[in-house]
Amino acid sequence: MTQSKRETERKYEPPSGGVAGLPDLTGVGPVASVTATGSEELDAVYHDTGDLRLAASSATLRRRTGGPDAGWHLKLPLTGDTREEVWAPLSDDVPESLRELTLSRTRGVQLRPVVRIRSTRTVRQLRDAEGRVLAELSLDEVRADAAASGGGRAEWGELEVELADGVHAGLLDVVEKKLRKKGIVRADSPSKLARALRETGAAVERARPSEVVAGSPGAYVLAYVSEQAGKLVSLDPAVRRDLPDAVHQMRVTCRRLRGCLRSYRSVLDRRVTDPVRAELRWLAGELGVTRDQEVLGERIGAALAELPDELVLGPVAARLRVWEVSHGGEARSRTREALASPRYLRLLDALDALVRQPPLRAKAAGKPARTMARAVLKEYGRLAGRMDHALAQPAGRSRETGLHEARKAAKKLRYAAEVARPALGKPVARLGKRAKAVQQLLGEHQDAVVAQDTLRRLAVAAHGAGESAFTWGLLHGRERAGADARQLELPEVWRAASDPALRAPLEH
């Protein structure tokens with residue numbers, strides 16, 4: 001059993017004089033009163049791999065006793081001052097549920113104790129006029145010991161301000177302003193673990209990525225690859241927990257990486273990147289089963305909800321629910337199997353190696369205005385060719401297939417423009433924006449096409465069971481009309497995206 005919550009906090013150097021040196025926060029923002037809740041003795045043993053892979057990715061895993069939330073805590077970085085904390089009950093060994101959530105970071109390497117941190121904590125609660133807790137202000141006396149024999153010891157003080165659930169993050173700013181007036185400044189370590197590793201000598205010297213020329217095509221491409229590879233790792237725990245939109249985001253990340261490695265073959269050697277692209281395609285395909293199921297279920301369910309009752313004939317909602325459960329369970333199982341496979345972990349290792357030791361080609365050190373603009377324009381040429389082919393096809397399946405291929409080309413152009421935007425600025429951003437408009441319109445068209453096939457199968461199943469197929473046929477007709485409407489809109493959207501003035505700044 002696990003539970004999760006989001007925590008938003010900031011850490012500060014302790015005030016001189018301990019608790020007596022804390023400013024009175026009554027009247028700061030919505031704070032109406034400050035109440036002392038006594039002290040706690042906390043004992044936490046932090047677990048990591050021997051080379052500290054969790055710590056390197058700003059994640060922590062600890063077994064803590066004492067306090068109101070004793071148990072195992074896995075903390076995963078989100079944005080700014082916020083982290084996701086996943087809790088599991090106390091046990092002697094790392095719970096399998098948490099071990100699984102660390103897999104994208106550990107790659108299966110054994111977790112073991114690295115640091116023990118004991119804290120004597122004094123807590124004060126900041127409350128509003130109704131007595132609701134807004135935040136906790138904790139003053140800790142910390143003692144850290146390296147777990148390895150012969151390891152060092154460190155001691156320090158720390159002040160922490162953590163928001164209660166649902167409280168606006170702006171409260172941290174007004175509290176910090178008051179603390180600064182008392183000379184209390186932010187701590188120079190993002191967490192107790194980071195400081196403990198540094199001061200006990202348990203930190204590991206990590207290999208640095210190969211250096212590339214700043215401002216070069218190689219630097220821009222590698223920055224993008226590194227960002228997207230890190231996002232893939234960060235999304236992994238959310239996908240395993242079936243969090244909303246997580247599968248979609250991971251699938252899009254795979255596509256962004258594939259697009260970048262394809263478009264910038266002049267920068268990175270394809271003999272190295274093509275095998276990585278093939279594995280990213282595999283992973284996106286496994287994720288796509290789940291994502292396509294989600295999209296279809298939401299689309300058909302929303303369309304059904306819009307129909308007046310007199311047009312819903314037979315057990316339509318029940319049949320849709322059975323379809324969602326049967327297909328959804330199978331799709332999620334496929335995703336979990338993919339993320340549990342050695343093949344997936346090898347892909348993550350390959351992306352790491354690509355960033356650390358990039359297979360740079362000669363043009364990686366050239367001028368970005370030339371190399372990157374050429375890559376973007378090449379993707380535009382592919383899109384234009386596919387659009388011309390699709391629009392020349394007669395109405396029906398051949399045109400639908402052609403438009404689907406054009407949609408994929410529009411995505412590649414959009415992602416190539418994303419990579420180049422830091423180097424080429426507004427001109428490439430404008431082209432990318434128009435490519436996105438084409439992609440979205442064609443995406444709506446493709447969704448309608450796929451929905452028609454599913455609705456036809458549902459109608460056939462209903463008819464075979466002796467149920468009315470009227471409602472399924474009605475929804476099918478609406479989807480077909482929607483697809484036709486998107487095709488009518490396409491020429492104008494494509495005319496805007498293919499305007500030569502958009503490409504002119506990139507061609508010179």
Side-chain angles (χ1 to χ4, degrees), residues 3-44 46 58 60 62 64-87 117-144 155-196:
Q3 300 173 4
S4 67
K5 66 174 185 177
R6 293 194 172 190
E7 63 173 27
T8 303
E9 64 183 23
R10 291 180 186 173
K11 297 182 183 297
Y12 302 87
E13 296 296 334
S16 57
V19 174
L22 290 173
D24 183 6
L25 297 174
T26 304
V28 174
V31 178
S33 64
V34 180
T35 58
T37 63
S39 62
E40 304 167 344
E41 294 294 331
L42 308 176
D43 190 342
Y46 286 78
S58 301
T60 62
R62 72 187 179 198
R64 191 169 79 179
T65 57
D69 61 346
W72 286 89
H73 303 156
L74 173 63
K75 296 191 177 186
L76 302 168
L78 294 175
T79 56
D81 301 309
T82 303
R83 294 186 294 179
E84 180 87 7
E85 181 180 287
V86 185
W87 175 93
I117 298 178
R118 287 166 287 181
S119 305
T120 300
R121 170 168 291 182
T122 302
V123 180
R124 295 190 173 192
Q125 294 180 333
L126 311 185
R127 298 177 178 269
D128 62 14
E130 285 73 40
R132 183 173 66 108
V133 175
L134 299 171
E136 283 193 346
L137 187 148
S138 306
L139 189 60
D140 293 344
E141 297 175 11
V142 184
R143 305 170 303 285
E155 297 183 1
W156 70 90
E158 182 176 279
L159 177 65
E160 179 181 290
V161 182
E162 180 177 347
L163 294 182
D165 290 344
V167 177
H168 193 277
L171 178 60
L172 288 176
D173 293 330
V174 295
V175 169
E176 182 168 302
K177 184 177 181 180
K178 183 74 171 181
L179 295 177
R180 281 204 308 265
K181 289 181 179 179
K182 269 284 192 177
I184 300 173
V185 298
R186 292 272 196 107
D188 61 1
S189 290
S191 67
K192 287 184 176 67
L193 177 62
R195 183 164 182 174

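In this structure, the separation between CD on E41 and CD on E141 is 8.5 Å, given to the nearest 0.5 Å. Rounding to the nearest 0.5 Å gives a distance of 7.0 Å between CZ of R143 and CD of E155. Note: H73 NE2 to R64 CZ = 5.0 Å, rounded to the nearest 0.5 Å. How far CG of L78 is from CZ of R6: 5.0 Å, rounded to the nearest 0.5 Å. Put simply, OH on Y46 and OG1 on T60 are 6.0 Å apart, with the number rounded to the nearest 0.5 Å. Rounding to the nearest 0.5 Å places CD of E13 at 12.5 Å from CG of L179.
Shown here are the side-chain hydrogen bond (donor to acceptor under 3.5 Å, both in side chains) partners of W72, two or more places apart in sequence or in another chain: S91. In this structure, the side-chain hydrogen bond (donor to acceptor under 3.5 Å, both in side chains) partners of S4, at least two apart in sequence or on a different chain, are E84, R241. By the salt bridge (Lys or Arg N to Asp or Glu O under 4.0 Å) test, D188 pairs with R198, sequence neighbours left out. With sequence neighbours excluded, the residues that form a side-chain hydrogen bond (donor to acceptor under 3.5 Å, both in side chains) with Q125 are R127, E136. With sequence neighbours excluded, the residues that form a salt bridge (Lys or Arg N to Asp or Glu O under 4.0 Å) with R83 are E7, E9. Qualifying side-chain contact (heavy atoms from CB on, under 4.5 Å) partners for P30, counting only residues two or more places apart in sequence or in other chains: L134, L171. E162 meets the salt bridge (Lys or Arg N to Asp or Glu O under 4.0 Å) test with no other residue; sequence neighbours excluded. In this structure, the side-chain contact (heavy atoms from CB on, under 4.5 Å) partners of D81, at least two apart in sequence or on a different chain, are T8, R10, L172, R186. The salt bridge (Lys or Arg N to Asp or Glu O under 4.0 Å) search around R180 returns E176, not counting sequence neighbours. E40 meets the side-chain contact (heavy atoms from CB on, under 4.5 Å) test with L42, P68, R121, V123; sequence neighbours excluded. Residues meeting the side-chain hydrogen bond (donor to acceptor under 3.5 Å, both in side chains) test with S16, sequence neighbours left out: none.
In this structure a side-chain-to-backbone donor-acceptor pair under 3.5 Å is present from D128 to E130. The backbone N or O of A70 lies less than 3.5 Å from a partner atom in the side chain of W87, making a donor-acceptor pair.
No side-chain heavy atom of V28 sits under 4.5 Å from any side-chain heavy atom of K177. The shortest side-chain heavy-atom distance between L159 and L22 falls under the 4.5 Å cut-off.
Taking each heavy atom of I184 and P15 in turn, the nearest pair found is CD1-CB, 3.7 Å. Of all the heavy atoms in A44 and R62, the pair that sits closest is CB-CD, 4.1 Å.
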Tell me, with the steps shown, if K192 and D140 meet side-chain contact (heavy atoms from CB on, under 4.5 Å).
CA-CA 10 Å; K192 287 184 176 67; D140 293 344; 2.8 Å; yes
Carefully, step by step, assess E158 and S119 under the rule side-chain contact (heavy atoms from CB on, under 4.5 Å).
CA-CA 10 Å; E158 182 176 279; S119 305; over 6 Å; no
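Residue pairs meeting the salt bridge (Lys or Arg N to Asp or Glu O under 4.0 Å) criterion with at least one member in residues 16-39, sequence neighbours excluded, do not occur.
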